[in-house]
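Here the structure is a predicted model, which is why all the values come from computation and not from measurement.
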Amino acid sequence: MSRQIHLNGFAMGCSGHQSPGLWRHPEDRSRHYTDLAYWTDLARTLERGCFDSLFLADVLGLYDVYGGSPDAAIRAGVQVPMIDPITPVSAMAAVTEHLGFGVTVSLTYEQPYSFARRMTSLDHLTKGRVSWNIVTGYLDSAARNLGLPHNREHDERYEVGEEFMEVCYRLWESSWEDDAVVLDAAAGIFADPDRVHPVEHDGRHYRTRDAFLAEPSPQRTPVLFQAGASSRGRRFAATHAEAVFVNADNPRQARKLVDAIRAEAEAVGRDPESVRIFAIMTAIAAATDEEAAAKLADYRRYADPEGALALFGGWTGIDASAYDRDEPVRYVESNAQRSVLELMTDDTRGRDWTWADIAEQLGIGGRGPVIVGSGTTVADELERWVDESGIDGFNLAYAVSPGTFVDLVDHVVPVLQARGRMRTSYPGTTLRESLFGEGQRRLRADHPGHRYTFAAQKTPA
């Protein structure tokens, strides 16, 4: 049976997101990211197209590697200025019924107790439609802004993350029993204290003492996304993530990542097929191939190469201004996102990429490939990727917003639905059900977070 294709819209609380310079395009509305109507309109569009979620990225620092300053990023509007991705979610949930919302939050700069309450609050207010994209942070500028002299070492960030996840699981899954809130008006009992348990944790990085402040939300633990693609990141993702976000330039490259992640998941005792894997992609669609090609050519006139290299510098920690544009890009060990440069220098590309190539590629859609064509042409390519690589779907970035998403909903989604490769309605009411099927509202029994549930604790070893 052909694998069903899942789609997420990919955006950020800023203009342009992964297409530096496109904020200047007359059809782009992402410059209105501070208007609530921009977000509610976008949410309605994605739900009309049966997208699983709107996946919102985030950073907490400026992209200041290129040229040794943030000037290029500020001039080009490269993910600055920006709002917190959590802030528009409740409003978007109020105008939709099924669309999920993925929010990126770096655990490096959070305390699990307060963070867990924030996510539980969102899960309540959205009726179970929230996911957390777990990141550990990669910008030195973010570390400096949050009181650290510099970012923690790459692998150490994941070690801290392991403890953070344990505390969150205990807060979400084992503090309040399902029937703790009794609402017994006659007896004057709102919640039964015998069914509310303290979470006492005294670890290397975090400490908690009391019971969780929030009662259980529809999903208890939000759906867990993760985008680690380095060897250490893959191990973390395979352990904790229910959905993994990967970057690949072609299906063969994606297959390597898929196989590695699923093997890691199996090694830690999880069903490898229970991990949904999404690849980043930008799809420019129109009624015909010719119209789509004309759109892309028009978009490229607005792309900002220097802004693209500023974006790349933030991701990798490498200052492209120090290299000649025609010089081949080579892998260099860094403390930022190692996976980005690994992919840029991967042998599946078939040729050396220069810094000029990087500037051009990142100008539209950032790290992912760009596919262009009619609804049928784009649907064919999305199916090819899924069938050849084993991924489950795509995080779809935009060139202009909401136009890129409207074109996908109008031209591509109907083709996939007619072929039976994409659903025509939503199963269940929660995001976890959208991803895994009706009735699957909580963590699976083979997920490490499940061991903290009351059901697992009552089951004899």
- So, are R75 and E306 salt-bridged, with charged N and O less than 4.0 Å apart? yes

For F164 and F115, take the angle between the two ring planes, folded into 0 to 90°, and tell me which bin it lands in: parallel under 30, tilted 30 to 60, perpendicular over 60. tilted

Q | Under 3.5 Å side-chain donor-acceptor pair for H450 and E173 | A | no

- Message: Salt bridge check, R3 against E273: does any charged N sit closer than 4.0 Å to a carboxylate O?
- Response: yes

Checklist line | R129 with D52: basic N within carboxylate O range, under 4.0 Å | finding: no

Within-4.5 Å side-chain heavy-atom neighbours: M119 and V103:
yes

query: Is D249 salt-bridged to R367, cutoff N-O under 4.0 Å?
result: no

Compute both the distance and the angle, then confirm whether R195 meets the cation-pi test with W176: under 6.0 Å from the six-membered ring centre, within 45 degrees of the axis.
no

Q. Going by an N to O cut-off under 4.0 Å, is there a salt bridge joining D202 and R207?
A. yes

Taking only Lys NZ, Arg NE, NH1 and NH2, and the carboxylate oxygens of Asp or Glu, determine whether R118 and E110 approach each other closer than 4.0 Å. yes

Original post:
Between M92 and L56, is any pair of side-chain heavy atoms under 4.5 Å apart?
Top reply: yes

**Item:** Y33 side chain near M12 side chain, heavy-atom distance below 4.5 Å
**Value:** no

